[in-house]
Amino acid sequence: MVQRAELEGELRRLLEPEQFKDYCPNGLQVEGRDEIEKIVTGVTACRDLILAAREKGADAILVHHGYFWRNENPCLTGMKYERIRLLMESQINLFAYHLPLDAHPELGNNAQLAKRLGVQVEGGLEPRNERSVGNVGRLASPIKGQDFARIIEQRLKRKPLHIAGTDKLIRRVAWCTGGAQNYIDLALDAGVDAFITGEASEQTVHIAREAGIHFFAAGHHATERYGVQAIGNYLAEKFHIRHEYIDIPNPV
Ligand SMILES: [Zn+2]
């Protein structure tokens, strides 16, 4: 069992949210009970995750996509009211970490995705950003585009969209989890053979074809499952609390 304040302090030390300019508040977003014995992690703090966490007796939920995004209606009405009502009624704490969870060099979404896909990290994708969200790296050996698509499908349990803008073998890759299709320009600047992210836009397909790069949209949800799990396992070990990851399937 751990006090909420102690858990929050550890997350702040680990993820350094003050180092990021983000679109949402990072940290404790909704306060629940003081003592935490069980933590549930998930990608998004949607209604089904809260209901499942309540069912499992969670004292805290930790997610990548929380609430209070810049430009959203701040009023507690409709869907947002219902989610927060469920949390408060159940006295479940909600912790949310967005960019700090993408960027953590070992436990973050990008580091964990690299591990899963067998990519060796070489550096950051964002130039001049010490805490780059997204990375560039190298595969152990050159591989055909369709073979890499198969690896992604096997490891993430979801078939990626593969735009083969070239038939060159893939050696160096860039990646950024989630909705980072616009970072394809940074991938081109980095001179890699392939770019992997979660989502695609209409224009991404043309950029991949005309710039001659392999592009993979491997799923926003699918690419962002692994950071929260790594953090949850870390907290469970550190504080001797129980951790369970709950996947609320999402095809996007
Ligand atoms: Zn995301």
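Any value given below was found using the heavy atoms of this structure, including those in side chains, with hydrogens, waters and symmetry copies removed. Ligands are counted one by one from 1 in listed order, and the atoms in each one are counted from 1 as well. All of these numbers come straight from a predicted model, not from anything done at the bench.
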Handout entry: Candidates V40, L235, L7 - the one meeting side chain to side chain contact (heavy atoms under 4.5 Å, CB included) with L62
Key = L235

Practice task
Might you work through the side-chain contact (heavy atoms from CB on, under 4.5 Å) test for L49 and I246, ending with a clear yes or no?
Solution key: CA-CA 7 Å; L49 181 69; I246 297 180; 3.8 Å; yes

Practice task
Determine whether the aromatic ring centres of H64 and H220 lie less than 6.0 Å apart.
Solution key: no

Handout entry: Ring center gap for F148 and F216 short of 6.0 angstrom
Key = yes

Handout entry: Note, D193 side chain near L169 side chain (heavy atom, < 4.5 Å)
Key = no

Problem - Between Y234 and E10: side-chain donor-acceptor atoms closer than 3.5 Å - result: yes

Completion exercise
Atoms listed for the Zn ion (ligand 1) (protein only, N, O or S, under 2.8 Å, no waters) are H65 NE2, H220 NE2, E224 OE1

